[in-house]
Amino acid sequence: MAAKAAGCPPRQLAEALVQRLPESPAVAKVEIAGPGFINFFMTAESAVSIAGEILQQGEKFGRNDDGQGQKVQVEFVSANPTGPLHVGHGRGAAIGDALCRLLEANGYDVTREFYYNDAGAQIDNLTLSVQARAKGLGPDDESWPEDGYRGEYINDVAEAYLKGETVVADDRGVTGKGAPDDMAAIREFAVAYLRREQDLDLKAFGVEFDVYFLESSLYRDGKVEAAVERLKENGYTYEEGGAMWLRTTEFGDDKDRVMRKQDGGYTYFLPDVAYHLDKWQRGFTTVINEQGADHHSTVTRVRAGLQALNAGIPQGWPDYVLHQMVMVTRSGQEVKISKRAGSYVTLRDLIDEVGRDATRFFLTARRVDSQLTFDIDLARSQTNDNPVYYIQYAHARICSVMRKLAHEHGIQRGYNDVAGDLARLTLDEEKELANQLAKYPELVRNAAANREPHLLTHYLRELAGQFHTYYNSHKALVDDAALRDARLTLYLAVRQVIANGLDLLGISAPEEM
RNA sequence: GCGCCCGUAGCUCAGCUGGAUAGAGCGUUGCCCUCCGGAGGCAAAGGUCAGAGGUUCGAAUCCUCUCGGGCGCGCCA
């Protein structure tokens with residue numbers, strides 16, 4: 001890069017630079033390679049010293065204060081309360097939560113938020129579907145609601161309603177009234193029932209939210225009306241065909257959007273705009289919306305709506321992280337995920353079958369913008385094909401060596417005690433392992449800044465692999481105490497980084513397996 | 001038709017704010033257990049980075065087009 005500015009070939013520039021470099025005890029030698037790369041060879045001692053630092057910093061290693069406590073909101077999952085969570089929501093939950101943990105590790109003050117679409121047409125549809133089930137109808141009956149939800153779970157809701165069960169969601173109990181014609185009662189019960197189901201799913205997944213924001217509250221608090229008024233005042237609305245439109249084309253959309261329908265109801269679009277204005281007013285200068293890519297068309301629309309408010313909101317606000325679709329396979333066959341039909345892979349099915357750790361790992365292991373195949377057989381397997389076990393095993397293995405040190409050698413050593421002579425760690429494997437450990441803090445920065453939690457999964461797989469190689473070729477529990485303790489210091493540093501990294505993914509680091 | 005995303009080894013994927021011989025796992029082939037947990041390790045074979053142009057000293061990476069695949073294009077959310 002500097003070559004262009006300096007006006008001479010890269011190789012020549014590199015030579016000139018190397019001539020002027022000062023001597024340093026940490027640098028063993030300097031070489032120029034290829035078209036003009038300057039390679040610094042660090043002494044083994046300086047590389048390996050990272051292990052001591054890691055143990056001193058412990059759980060804090062890799063964390064930084066770049067965010068300086070700045071408020072960030074991450075909205076994710078935000079599933080409609082019209083059915084159980086499926087794998088797609090699971091991917092959103094795993095990615096969203098990992099992003100939150102990463103941002104926290106970078107010193108941001110993160111709020112996790114879930115937006116409940118508990119108003120609007122799909123809830124009417126849900127109510128009709130439950131009512132139909134309550135009246136003994138099935139999806140194939142002629143009088144079944146046109147776009148009714150056909151899943152079996154609707155029947156469960158109807159039965160619970162008829163039996164007068166009480167469901168608790170959002171710290172509020174709702175009891176089924178049993179009357180199949182009381183639409184308001186069915187609606188309230190069905191929403192509470194499905195919301196409780198989702199809460200249980202998320203709990204099983206280890207994901208917790210700070211704020212549950214209800215769409216209905218936007219209507220109740222007049223925020224939708226206020227947004228409409230503001231858009232009207234700003235002159236971006238017009239009436240046509242009995243509906244009210246917003247000129248989103250003024251802000252880069254390919255066509256204008258209806259905000260109020262002929263029947264007087266609002267489309268989902270308007271509460272979305274009102275909701276995001278509310279986020280802005282709550283002081284979140286950074287907002288990340290994690291959603292499925294099937295919602296990508298809302299990005300332009302919401303941003304356009306926000307611009308039309310003239311509220312001083314920056315053009316590219318908010319940020320979006322859109323994950324691509326998930327396909328589930330079992331025995332090499334695709335398992336269809338259809339909310340309408342009966343066969344339905346719920347998030348809870350997955351957690352029950354393959355466990356929380358593996359589910360979270362596999363759902364974050366790929367770049368968000370590439371499609372993901374979730375192989376149930378692979379996720380279940382407890383062999384080296386399975387990266388989750390491979391990484392956790394490295395952690396457990398180190399703990400096992402420490403147990404052996406205590407039981408057979410009678411030496412008690414804490415996981416964060418630095419000991420031994422690190423200068424004795426002169427093997428290539430040890431240097432490389434130390435270099436890999438040293439990369440971790442920068443990785444935490446990059447993964448957060450680029451919103452790429454999958455980087456963590458790859459890093460940990462690599463680290464675990466390097467450790468297993470080292471473990472196999474050189475014993476740590478040798479007679480030479482200074483060497484033994486130094487190697488164990490490196491082991492413990494690996495253990496700490498694996499534990500820290502897994503924590504950012506919401507995955508456990510077991511001491512034995 | 002228009003918009004967004006993807007197309008890297010047999011398979012699943014890294015690498016993409018341009019730089020050195022494109023990496024890893026699985027699978028395949030051949031090895032290693034009196035040895036801190038074989039839930040492990042070593043080695044080999046395997047690639048026109050979908051294709052074609054362009055920008056650049058230099059492109060898997062940036063730009064354009066073409067071809068494949070997914071998603072979206074409702075007064076549904």
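The structure displayed is predicted, hence computed values, not measured ones. Order of the sequence lines fixes the chain letters, A, B, ..., with proteins taken first and strands second; residue numbering starts at 1 for each chain.
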Using heavy atoms and a sub-4.0 Å distance, could you list which residues of residues 241-249 of chain A are near RNA chain B? By number, please.
-> A:G241, A:A243
For A:F374, which residues count as a ring pair (Phe, Tyr, Trp, His ring centres under 6.0 Å) partner, sequence neighbours excluded?
-> A:F362
If every non-hydrogen atom of A:W317 is compared with every non-hydrogen atom of A:H276, which pair is closest and at what distance?
-> CH2-O, 3.4 Å
Complementary nucleotide of B:C36, counting Watson-Crick and G-U pairs under 3.5 Å = none
Yes or no on side-chain hydrogen bond (donor to acceptor under 3.5 Å, both in side chains) for A:R220 and A:S216, after CA distance, side-chain angles and deciding distance?
-> CA-CA 6 Å; A:R220 191 192 63 216; A:S216 56; 5.5 Å; no
Scanning all shown strands, the Watson-Crick or wobble mate of B:G68 with both distances under 3.5 Å is B:C6
How far apart are the C-alpha atoms of A:Q392 and A:D357, what are their side-chain angles, what is the distance that settles it, and do they pass the side-chain hydrogen bond (donor to acceptor under 3.5 Å, both in side chains) test?
-> CA-CA 10 Å; A:Q392 289 182 324; A:D357 286 344; 3.0 Å; yes
A:Q122 atom CD is separated from B:C75 atom P, nearest whole Å, by 16 Å
Between A:R303 and A:Q315, the two heavy atoms sitting closest are CD-O, 3.9 Å
Atom-pair distance (CD on A:E512; P on B:A39), nearest Å = 15 Å
Identify the nucleotide, in any strand shown, that forms a Watson-Crick or G-U wobble pair with B:C62, with both distances under 3.5 Å; if there is none, say none.
-> B:G54
A:S297 or A:A396: which one's nearest nucleotide on RNA chain B is closer to the 5' end?
-> A:A396
Contact list for residues 460-483 of chain A, test salt bridge (charged side-chain N to carboxylate O under 4.0 Å, His left out), sequence neighbours left out | A:R424-A:D480
A:R360-A:T364 side chain donor-acceptor pair, cut-off 3.5 Å = no
In whole angstrom, give the distance that lies between atom CZ of A:R303 and atom P of B:G3.
-> 18 Å
For the pair A:D319 and A:R451, find out whether any cationic side-chain nitrogen is under 4.0 Å from an anionic carboxylate oxygen.
-> yes
Tell me, for nucleotides 23-36 of chain B in 5' to 3' order, what letter each nucleotide earns: B for a base near a protein heavy atom under 4.0 Å, S for only sugar-phosphate near one, - for neither?
-> --SS--------SB
Using a 4.0 Å heavy-atom cut-off across all strands, classify A:R403 as base, sugar-phosphate, or nothing.
-> base
Could you tell me whether A:Q392 contacts a base, only the sugar-phosphate backbone, or nothing, with contacts defined as non-hydrogen atoms closer than 4.0 Å?
-> nothing
A:E75 has an atom CD; how far is it from atom P of B:A77, in whole Å?
-> 15 Å
Given that both distances must come in under 3.5 Å, which nucleotide forms a Watson-Crick or G-U wobble pair with B:G74?
-> none
Checking N1-N3 plus N6-O4 or O6-N4 for Watson-Crick, or N1-O2 and O6-N3 for wobble, each under 3.5 Å, the partner of B:C16 is none
With sequence neighbours left out, what residues match A:Y266 under ring pair (Phe, Tyr, Trp, His ring centres under 6.0 Å)?
-> none
Tell me yes or no: between the side chains of A:D253 and A:T300, is some donor less than 3.5 Å from an acceptor?
-> no
Table of protein N/O atoms under 3.5 Å from nucleotides 4-14 of chain B N/O atoms:
unit_1, atom_1, unit_2, atom_2, d
B:C5, O2', A:Q324, NE2, 3.3
B:C5, O2', A:D369, O, 2.5
B:C6, OP1, A:R367, NH2, 3.2
B:U12, O2', A:R366, NH2, 2.9
B:C13, O5', A:R366, NE, 3.4
B:C13, O2', A:R366, NH1, 3.3
B:A14, OP1, A:R367, N, 2.8

Would you mind pulling out the nucleotide paired to B:G25, Watson-Crick or G-U wobble, both distances under 3.5 Å?
-> B:C11
To the nearest Å, how far apart are A:H295 NE2 and B:C73 P?
-> 10 Å
Using both distances under 3.5 Å as the test, list the Watson-Crick or G-U wobble partner of B:C42, or none.
-> B:G30
Check: A:M183 main-chain N/O paired with A:T127 side-chain donor or acceptor under 3.5 Å | no
Close approaches to RNA chain B from residues 260-274 of chain A, in residue order (heavy atom, under 4.0 Å) | A:K261, A:Q262, A:T267, A:Y268
Can you list the residues that meet the salt bridge (charged side-chain N to carboxylate O under 4.0 Å, His left out) rule with A:D221, with sequence neighbours excluded?
-> none
Contacts of type ring pair (Phe, Tyr, Trp, His ring centres under 6.0 Å), residue A:F114, not counting sequence neighbours = A:Y116, A:F209, A:Y212
In terms of ring plane angle, is the pair A:F251 and A:Y236 parallel, tilted or perpendicular, where the classes change at 30° and 60°?
-> perpendicular
Per-nucleotide protein contact along nucleotides 42-47 of chain B, 5' to 3', at a 4.0 Å heavy-atom cut-off (B base, S sugar-phosphate only, - neither), is S-----
Determine: side-chain N/O of A:K255 to OP1/OP2 of B:C75, distance under 4.0 Å, yes or no.
-> no
With A:D278 via salt bridge (charged side-chain N to carboxylate O under 4.0 Å, His left out) - residues at least two apart | A:K223, A:R282
For A:Y471, is the NZ or CZ atom of A:R397 found under 6.0 angstrom from the centre of its six-membered ring and inside 45 degrees of the ring axis?
-> yes
A:H458: partners by ring pair (Phe, Tyr, Trp, His ring centres under 6.0 Å), with sequence neighbours left out = A:H454
